[in-house]
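Single-structure report; data block below.
No hydrogens, no waters, no symmetry mates; every other heavy atom, side chains included, goes into these values.
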Amino acid sequence: MNRLELRTKVRHVVNEIVSEKGFVSPLDVFLRIGKITPKLVEEWRFGRVPYLERVLQGNLSQFSFIMSLLRENARELHLKPSYTAYMRWGKGPKRPLRFQSPEIPMLRNITLLIMCRLSRRYLEIHR
């Protein structure tokens with residue numbers, strides 16, 4: 001998939017997710033565009049995969065481009081960044097999950113980022 005096709009697909013997916021949920025996360029986008037399967041997300045959530053980047057299909061350049069498109073679309077939709085902690089599921093200690101290899105800080109800001117739709121009232125007050 002070239003960058004033009006990816007741009008179109010990401011824009012469509014972001015709009016679709018925001019209309020369904022009212023917010024969008026990078027994980028939702030990667031799932032919808034087929035860069036990761038729900039089964040692999042579950043493996044990561046249970047701590048069986050050391051970091052999410054390891055099981056994403058594609059390369060770091062592509063992931064970085066997708067993240068930049070997500071930020072661009074989020075600004076256009078007046079979404080506000082909000083941080084959340086992804087914690088390990090299952091038995092045992094609830095440790096924070098890793099999104100990327102500690103050696104390669106390419107996907108910074110993917111960690112803990114969710115874009116939330118701002119209310120119209122908020123936008124009117126803060127313009």
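Checked by atom type and distance alone, the side chain of S64 never pairs as donor or acceptor with a backbone atom of S61 at under 3.5 Å. When atom types are taken as modelled, the side chain of D28 and the backbone of V24 share no donor-acceptor pair closer than 3.5 angstrom. Remark: side-chain polar atoms of W44 are paired, donor with acceptor, to backbone N or O of R98 under 3.5 angstrom.
In this structure, F63 CZ and E53 CD are separated by 7.0 Å, a value rounded to the nearest 0.5 Å. To the nearest 0.5 Å, the span separating NZ on K94 from CE on M87 amounts to 9.0 Å. In this structure, E43 CD and K39 NZ are separated by 4.5 Å, a value rounded to the nearest 0.5 Å. I33 CD1 to Q57 CD: the interatomic distance, rounded to the nearest 0.5 Å, is 10.5 Å.
Side chains of T37 and V55 form no contact here, defined as non-hydrogen atoms less than 4.5 Å apart. Y86 has its side chain within reach of L27: a pair of non-hydrogen atoms, C-beta onward, lies under 4.5 Å apart. Annotation: side chain of L77 is in contact with side chain of N15 (closest heavy-atom distance under 4.5 Å). Side-chain contact between F23 and V18: absent, with no pair of heavy atoms (C-beta onward) separated by less than 4.5 Å.
Taking both residues in full, the closest heavy atoms of V13 and V29 are given as CG1-CA, 4.2 Å, listed atom of the first, atom of the second, then distance. Taking every heavy atom of both residues into account, R88 and G47 meet most closely at NE-CA, 4.0 Å. Nearest heavy-atom pair, L70 versus S25, reported as atom, atom and distance to 0.1 Å: CD2-C, 4.4 Å.
Hydrophobic cluster of W89: the remaining members, joined at side-chain heavy-atom separations below 4.5 Å, are F46, listed by chain and number.
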Worksheet item: Which is it for L56 and L40 under the side-chain contact (heavy atoms from CB on, under 4.5 Å) test, yes or no, and what are the steps along the way?
Response: CA-CA 9 Å; L56 285 173; L40 289 173; over 6 Å; no
Practice prompt. Evaluate the side-chain contact (heavy atoms from CB on, under 4.5 Å) criterion for residues L97 and R45: first the C-alpha distance (whole Å), next the side-chain angles of each, then the deciding distance (0.1 Å), finally the verdict.
Written response: CA-CA 7 Å; L97 294 169; R45 294 298 302 252; 3.7 Å; yes
Discussion item. Assess the residue pair R11 and E76 against the criterion (side-chain contact (heavy atoms from CB on, under 4.5 Å)); give the C-alpha distance rounded to whole Å, side-chain angles, the decisive distance to 0.1 Å, and a yes or no.
Written reply: CA-CA 10 Å; R11 179 179 299 274; E76 289 172 8; 2.7 Å; yes
Worksheet entry | side-chain contact (heavy atoms from CB on, under 4.5 Å) between K35 and I66, intermediate numbers included | CA-CA 10 Å; K35 294 293 177 191; I66 291 167; 4.1 Å; yes
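No salt bridge links K9 with E5; every basic N to acidic carboxylate O contact stays at or beyond 4.0 Å. Classification of E20 and R32 as a salt-bridged pair holds, one side-chain N sitting under 4.0 Å from a carboxylate O. Note on E72 versus R7: salt bridge recorded, some NZ/NE/NH1/NH2 to OD/OE distance being below 4.0 Å.
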